[in-house]
Amino acid sequence: MTSSRFFKNKELPTWLPLALAGLGAILYLIQAVNYAHTTVSSLDEGSYLIKGMFYLNGTYHPFEPYGPLTNKAPFAFIIPGIAEYLFGAGLRTGRYFSIFLGLLALLGTWITARRWTGSWMAALTVWVFALSPMIVKLHARAVSEVIIACMLAWICVLILDEKPRLWRVILASILGAVAVFTRQNMAPLLPFLIVYVFWQHGKRAGLYAFISASTAFLAFHIVYWPRVMTIWTPWLPESLTPFLDTFRIPTDSVPIWDPNIDFWNRLNAFFQGIRYHFIPIVGSFFGLILLPPRTEWKSAPAMRAAFFLALSFFTLVLMHGWAAIASRYESYSCVFCFSNYLGFFDPLGILFFVIAFGHAWNENPNRVVKIISILVTLLVATGIGFSLFEFVGNGLLNLPIIPRPRSGGLGFIAIVDALTQGLDMPLVAVKRWVSSTLGLIIGIFVLLFALLASKQKADPNFTLTLVNSFLVTGLVLSPILHLGESRPDCSGTDIIRDHEELGAYLASVIPPDSLVYWDGGNAFTPMIYAPQARIFPPQINDGYTFHIGGDPDVLYYFSHWNGELAQRWRTEADIFIIEAKRYADWKDFLTPQDFQEFAKPPASQSCNEGADLRIFQRTP
């Protein structure tokens with residue numbers, strides 16, 4: 001089944017797919033604005049915004065010793081910093097700028113899809129975004145995922161064409177280098193892009209791409225040399241690169257961020273990522289296994305474009321999946337970041353899916369592909385059910401559907417009782433079993449539907465019917481499958497407004513040049529509004545940069561900290577900002593004879609209990 005056959009209907013007006021795409025973009029925008037005003041700020045968001053502001057106004061510089069931790073490539077901070085510099089520092093600027101970039105990512109994906117597959121499939125790409133609430137929610141925050149997604153979408157606009165002008169090849173190559181210097185985990189993209197240009201557009205364009213990308217990449221490194229190597233040393237084996245040890249934190253301290261995530265939670269994180277990015281992941285996988293032999297492609301340029309997209313997308317997925325879920329990546333491990341990581345390259349997966357669907361959907365798959373399609377459908381459906389176990393409610397658990405012999409005949413008991421009492425299963429295991437079973441049942445229903453539907457056709461093709469049915473089911477159900485996570489964090493308040501009120505209060509009570517000790521939560525976002533204050537830069541990353549033991553001066557040099565530094569800073573600070581739920585750890589220190597407390601701020605940074613801030617000033 002190809003896109004032209006799927007959407008072929010001469011009676012439909014030509015403006016209809018454009019209108020549908022516009023409606024999808026409007027739905028995306030409405031959701032994004034709502035999320036921007038209701039989502040609690042995170043550590044990453046506060047980090048990007050305040051570091052970006054510092055780097056743009058000259059308070060600190062990227063990779064500066066004893067300054068903020070530049071743990072990502074510099075442009076991840078500088079790009080949102082530019083927006084703050086131009087439009088005013090604050091959460092509103094950061095989030096509205098991210099929404100703008102998200103809309104640009106939609107537009108770029110739509111342009112490229114329309115170029116290769118027509119208006120209908122281009123409209124579908126917009127609706128993939130609009131019907132994926134967690135992607136929209138990610139784009140509504142000032143984080144680097146949406147920056148990279150926008151860059152990748154426009155690299156595709158510039159380069160994925162049969163005969164692009166030379167300036168577009170050069171600009172795309174430079175933008176590729178910018179992407180790597182925004183997030184170093186995009187490093188594989190640059191060689192793939194250059195090789196694609198050689199393959200698709202010839203030696204002359206390839207040389208221009210290589211020279212442009214290499215020049216930009218080297219120039220960025222020269223500007224920040226040599227401390228820029230701190231972002232690359234975690235990638236390089238210490239035994240092979242001892243000459244880079246000066247850019248590594250000594251191992252005589254232990255990071256407190258050392259998550260011990262068991263197998264089941266790692267599996268949960270994996271399927272959670274698939275659930276949030278269903279079409280980019282599952283659609284791309286089906287597109288991959290349904291690719292025909294090279295000789296059967298309808299368009300050689302489309303084949304090359306699809307191969308570039310597939311290689312880039314699946315390499316990045318596997319790399320990030322390994323780093324987040326499979327490996328023990330020391331203090332950088334973040335298992336449940338996997339779903340966010342996939343947001344970097346959604347445009348690549350979506351574009352590969354629609355190009356494969358439009359140009360090369362193999363209408364005669366062999367038996368191996370058929371078996372794989374069945375197994376993937378059942379596995380993904382079961383896994384998605386598994387990842388929803390936290391939302392299995394008492395109503396379902398207490399359904400009396402398990403038969404049980406009784407003296408008066410056959411009776412029924414609740415699922416939860418049968419499994420917890422009869423099989424001695426813990427409640428969390430019962431929820432996982434129930435939710436996985438429901439997912440499997442849905443997968444079986446899709447299989448049965450595909451089997452019946454394919455038999456009704458004159459030319460039955462079970463595999464294609466199954467794949468299309470499963471993808472449509474997943475796309476339509478995407479808003480439902482996200483369940484609780486897609487609900488607004490704080491539906492009863494306006495997070496942006498509250499941050500602005502809180503920030504104005506902080507700016508009014510903190511004396512100029514005061515040294516502030518922050519224990520106000522893991523998001524440093526409120527301090528954006530008090531530029532007159534001085535801070536201890538390692539605290540921006542909260543406990544993620546805190547170590548047990550180690551040389552305090554060496555740790556501080558690398559923008560990390562430990563207990564000794566914390567004690568030293570307590571004696572130096574003028575102002576203490578404490579999250580209400582953390583105050584119990586401070587009450588013995590913040591005594592009335594040594595500190596005065598300011599009036600309660602007019603707003604809180606979050607709707608979560610205990611998130612209010614308490615502000616103390618050291619008395620003379």
Side-chain angles (χ1 to χ4, degrees), residues 62 72-76 78-79 104-105 108-109 111-112 115-116 144 147-226 228-229 231-236 240-241 244 294 297 299-320 344-345 347-349 351-352 355:
K72 307 294 188 297
F75 292 166
I78 291 174
I79 290 173
L104 283 181
T109 305
I111 290 172
T112 305
R115 177 184 298 154
W116 291 99
S144 58
I147 299 175
I148 291 296
C150 180
M151 289 183 182
L152 296 185
W154 282 90
I155 287 173
C156 292
V157 171
L158 293 168
I159 208 74
L160 294 188
D161 204 347
E162 293 195 22
K163 294 181 180 180
R165 298 192 176 208
L166 193 57
W167 69 266
R168 285 170 54 185
V169 172
I170 295 172
L171 183 56
S173 305
I174 295 174
L175 191 55
V178 172
V180 176
F181 219 63
T182 302
R183 285 293 298 237
Q184 62 267 34
N185 53 332
M186 292 296 110
L189 176 74
L190 208 52
F192 294 161
L193 187 152
I194 294 170
V195 170
Y196 165 75
V197 174
F198 271 104
W199 187 28
Q200 179 81 289
H201 306 305
K203 182 178 179 180
R204 180 170 176 265
L207 288 174
Y208 272 100
F210 175 76
I211 293 171
S212 302
S214 301
T215 301
F217 188 75
L218 289 173
F220 297 149
H221 280 74
I222 290 171
V223 170
Y224 296 107
W225 189 263
V228 67
M229 290 306 298
I231 65 173
W232 297 115
T233 50
W235 293 44
L236 305 172
L240 299 179
T241 57
L244 295 177
R294 180 174 178 175
W297 277 78
S299 164
M303 178 199 68
R304 298 187 189 106
F307 274 47
F308 163 71
L309 290 167
L311 180 61
S312 301
F313 180 72
F314 286 107
T315 297
L316 291 170
V317 168
L318 292 173
M319 185 177 78
H320 287 77
F344 287 122
F345 28 86
L348 300 180
L351 285 172
F352 170 66
I355 291 177

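Just so we're clear, the structure is a prediction, and the values are computed from it rather than from any experiment.
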When rounded to the nearest 0.5 angstrom, what is the spacing between [atom1] in [X] and [atom2] in [Y]?
X	Y	atom1	atom2	value
Met303	Ile355	CE	CD1	12.5 Å
Leu316	Met319	CG	CE	5.0 Å
Ser144	Ile79	OG	CD1	9.5 Å
Ile194	Tyr208	CD1	OH	15.5 Å
Leu351	Ser312	CG	OG	11.5 Å
Cys156	Asp161	SG	CG	11.5 Å

What heavy-atom pair brings [X] and [Y] nearest, and what distance separates the two atoms?
X	Y	value
Leu207	Phe198	N-CZ, 3.5 Å
Leu190	Gly176	CD1-C, 3.5 Å
Pro164	Val169	CG-CG2, 4.1 Å
Ser212	Ile170	OG-CG2, 3.3 Å
Val178	Thr182	O-OG1, 2.7 Å
Trp116	Ala305	CZ2-CB, 4.1 Å

message: Using side chain to side chain contact (heavy atoms under 4.5 Å, CB included), reason through Arg204 and Leu166 one step at a time and then give a plain yes or no.
response: CA-CA 9 Å; Arg204 180 170 176 265; Leu166 193 57; 3.6 Å; yes
- prompt: When you look at Leu158 and Ile155, which way does the side chain to side chain contact (heavy atoms under 4.5 Å, CB included) test go after all the steps?
  reply: CA-CA 5 Å; Leu158 293 168; Ile155 287 173; 5.7 Å; no
field: Ring geometry between Phe220 and Phe75 (parallel below 30°, tilted from 30 to 60°, perpendicular above 60°)
entry: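 Ring orientation of Phe75 relative to Phe220: perpendicular.
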task: Could you label the plane-to-plane angle of the Trp232 and Trp235 rings as parallel, tilted or perpendicular, counting under 30° as parallel and over 60° as perpendicular?
output: perpendicular
task: Check ring-ring contact (aromatic ring centres under 6.0 Å, His included) between Phe210 and all other residues, then give those that pass, not counting sequence neighbours.
output: none
Residue from Val197, Val195, Leu160 passing side chain to side chain contact (heavy atoms under 4.5 Å, CB included) with Phe308: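 Looking at Val197, Val195, Leu160, the match for Phe308 under the side chain to side chain contact (heavy atoms under 4.5 Å, CB included) is Leu160.
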- request: Identify which one of Trp297, Tyr196, Phe192 satisfies the side chain to side chain contact (heavy atoms under 4.5 Å, CB included) criterion when paired with Phe307.
  value: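 Answer after filtering Trp297, Tyr196, Phe192: Trp297.
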query: Between the main-chain N or O of Ala302 and the side-chain N or O of Ser299, is there a donor-acceptor pair closer than 3.5 Å?
result: yes
Arg115 side-chain N/O to Glu162 backbone N/O, donor-acceptor pair under 3.5 Å: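 No: the side chain of Arg115 does not pair with the backbone of Glu162.
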field: pair Leu152-Leu189: side-chain heavy atoms closer than 4.5 Å
entry: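 With C-beta onward as the side chain, the pair touches.
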